[in-house]
Amino acid sequence: MEKTLIRQVRVGGVPEHFNLPWQMAIADNAFDEISADVHYTDVPGGTGELTRALRDGELDVALVLTEGAVLDILQNGGNCLVKVFVDSPLTWGIHVAYHSEITDVKGIRGKRIAISRYGSGSHLIAVVDAAERGWSTADMSFVVVDNLNGARKALAASKADVFLWERHMTQPYVDNGEFRRVGERQVPWPAFVVSVRRDFVSRNASVLRGMLDIVARYAGNVKRRKSSAALIASTYGLQRADAERWLADVRWGTGYRRPLAALQRVHRALSAQGVIESSHFDADQVWHRIT
């Protein structure tokens, strides 16, 4: 028997340009074609807040950094990944306050790192970066600041020394003299995945697939339209040239293939950091195939 279509789906993501296709689809009432009432919410707290909201039933679907989504599932269960949302890797800027005495990336070693919360991308990638540089991660110092604005305040007040965040979203604060970018870190896996509560996907797989197909269509339109860079720049406070560079580099996911090698790389990185104990990776624990 055909499953009853749900009337409302609650979707959350970070307030960044990656999620513009969701907002455009909602503005166009595109989800009416699958009889879904989709509500999208910006979650400034990032990955840790998104995965918590999923577990607590406040969201049905979350657009989450891959490393944080995998960590959440391995530690807590309850959620699962169903699709790569942004296939291109994320480049993290490594920032200090403009007035900081730190002049290059070597100077961040042992300094206080601002993070949105433990388990967030700003936390995990700071550890990944330190490990990649051969530094001990055992004595790293973190300051929880909730979000990007919290990091701006913490660095300005010298309550934290370093902050890692997506480089395009922080570019306005480099341009206006709040931050200096002393380095970058690109991670070797897709930037964002779609994480869903298992109880939700078990009841609503066809609606979920329909939603994601519609968003993929809108993402393709964003890539193709000449007006997109201007829209992104005005919406997110970027310079037109920066928006054009970002748009040229970003690749939204188009299919539903499980990225096994990338998930294994994430697991190895988490294991090396000591945030998970098991060295065995079971992809079926993390990924649910929807048809």
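Counting from 1, the numbers follow the sequence of the chain as shown. If you're wondering where the values come from, they're calculated on a predicted model, not measured in any experiment. Atoms considered below: every heavy atom in the structure, side chains included; atoms not considered: hydrogens, waters and symmetry mates.
- Of the charged side-chain nitrogens involved, none lies within less than 4.0 Å of a carboxylate oxygen, so that R181 and E166 do not count as a salt-bridged pair.
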Show the atom names and distances, to 0.1 Å, of all donor-acceptor pairs under 3.5 Å that link a side chain in residues 20-32 to residues at least two apart or in another chain.
residue : atom : partner : partner atom : Å
D28     : OD2  : Y218    : OH           : 2.8

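- Looking at Y256 and D213, their side chains do bring a donor and an acceptor atom within 3.5 Å of each other.
- Note on ring orientation: taking the six-membered ring where Trp is involved, the planes of F179 and H95 are tilted (angle from 30° to 60°).
- Judged purely by atom type and a 3.5 angstrom limit, R265 uses its side chain to pair as donor or acceptor with the backbone of P188.
- Side-chain atoms of V174 and Y98, non-hydrogen and from C-beta on, never get closer than 4.5 Å to each other.
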Check the pair I108 / V182 against side chain to side chain contact (heavy atoms under 4.5 Å, CB included), numbers first and verdict last.
CA-CA 9 Å; I108 72 171; V182 295; 4.2 Å; yes

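- Counting non-hydrogen atoms of other residues, nucleotides and ligands closer than 6.0 Å to CD of E33 gives a total above 12.
- With respect to the salt-bridge test (charged N to carboxylate O, under 4.0 angstrom), the residues R52 and D72 do not qualify.
- Cation-pi contact between R112 and F142: absent, since separation from the ring centre below 6.0 Å together with deviation from the ring axis within 45° is not met.
- Q8 and D60 make their closest contact through O-OD2, 4.2 Å (heavy atoms, listed as atom of the first residue, atom of the second, distance).
- Side-chain contact check for H280 and D282: no donor-acceptor pair (N or O, by modelled atom type) lies under 3.5 Å.
- Of all the heavy atoms in C80 and I73, the pair that sits closest is CA-CD1, 3.6 Å.
- Residues D104 and K106 are not paired through a salt bridge, judged by the lack of any N-O separation under 4.0 Å between the basic side chain and the carboxylate.
- P44 has its side chain out of reach of L148: every pair of non-hydrogen atoms, C-beta onward, lies at least 4.5 Å apart.
- Ring geometry for H168 against W246 counts as perpendicular: the plane angle is over 60°, on a 0 to 90° scale with 30° as the lower cut.
- Note that NE2 of H17 and CG of D242 are 9.0 Å apart. Values are rounded to the nearest 0.5 Å.
- In this structure the side chain of V194 reaches within 4.5 angstrom of the side chain of V61, judged on heavy atoms.
- Side chains of L50 and L59 form a contact here, defined as non-hydrogen atoms less than 4.5 Å apart.
- Using a 4.5 Å cut-off on side-chain heavy atoms (C-beta onward), L74 and Q285 make contact.
- Under the 4.5 Å side-chain heavy-atom criterion for ILVMFWY residues, no single connected hydrophobic cluster contains both V145 and V127.
- Here the closest non-hydrogen pair linking E67 and V266 is CA-CG1, 3.8 Å.
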Go through it in stages, so that I can follow the logic: the residues are D284 and R258, the test is side chain to side chain contact (heavy atoms under 4.5 Å, CB included), and I'd like the CA-CA distance, side-chain angles, deciding distance and then a yes or no.
CA-CA 10 Å; D284 290 331; R258 182 170 67 184; 2.8 Å; yes

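- No single ILVMFWY cluster, assembled from side-chain heavy atoms under 4.5 Å apart, contains both V162 and V143.
- Counting only distance, with no hydrogens or angles, the side chain of S195 and the backbone of L81 share no donor-acceptor pair below 3.5 Å.
- A side-chain donor-acceptor contact under 3.5 Å links S120 to the backbone of R117.
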Run the side-chain donor-acceptor check on residues 83-91: report pairs under 3.5 Å with partners two or more places apart or on a different chain.
residue : atom : partner : partner atom : Å
K83     : NZ   : G253    : O            : 2.8
S88     : OG   : R251    : N            : 3.0
T91     : OG1  : Q186    : NE2          : 3.2

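- Side-chain contact between D42 and V14 is absent, with no heavy atoms from C-beta onward closer than 4.5 Å.
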Begin with the C-alpha distance, continue with both residues' side-chain angles, and end with the deciding distance and a verdict on salt bridge (charged side-chain N to carboxylate O under 4.0 Å, His left out) for D139 and R109.
CA-CA 10 Å; D139 56 353; R109 185 174 185 178; over 6 Å; no

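- Smallest separation of non-hydrogen atoms from N79 and T51: ND2-O, 3.8 Å.
- Side-chain atoms of W287 and P259, non-hydrogen and from C-beta on, do get closer than 4.5 Å to each other.
- With hydrophobic clusters built from ILVMFWY side chains whose heavy atoms lie under 4.5 angstrom apart, F192 shares a cluster with L260.
- Annotation: K159, atom NZ; neighbour count of heavy atoms from other residues, nucleotides and ligands within 6.0 Å does not exceed 12.
- Ion pairing of E58 with R10 is absent here, as no side-chain N (NZ or NE/NH1/NH2) approaches a carboxylate O to less than 4.0 Å.
- Distance check, rounded to the nearest 0.5 Å: CD1 of I276 to CZ of F281 gives 8.5 Å.
- Atoms OG1 and CG, from T66 and L71 in turn, are 12.5 Å apart once rounded to the nearest 0.5 Å.
- V96 and L155 make their closest contact through C-CD2, 3.6 Å (heavy atoms, listed as atom of the first residue, atom of the second, distance).
- Q171 CD to N176 CG: the interatomic distance, rounded to the nearest 0.5 Å, is 10.0 Å.
- Sparse packing is recorded around CD of Q239, with 12 or fewer heavy atoms of other residues, nucleotides or ligands lying under 6.0 Å away.
- To the nearest 0.5 Å, atoms CG (N204) and CE (M211) are separated by 9.5 Å.
- In this structure, R167 and W92 have side chains that are not in contact, with every pair of non-hydrogen atoms separated by 4.5 Å or more.
- Classified by interplanar angle (parallel below 30°, tilted 30° to 60°, perpendicular above 60°), the ring pair H123/Y118 is perpendicular.
- Shortest non-hydrogen contact noted between L247 and S228 is CD2-CB, 3.7 Å.
- Using a cut-off of 4.0 Å between Lys/Arg side-chain N and Asp/Glu carboxylate O, R245 and D249 are scored as not salt-bridged.
- Under a 4.0 Å N-O distance rule, the pair D129/R185 qualifies as a salt bridge.
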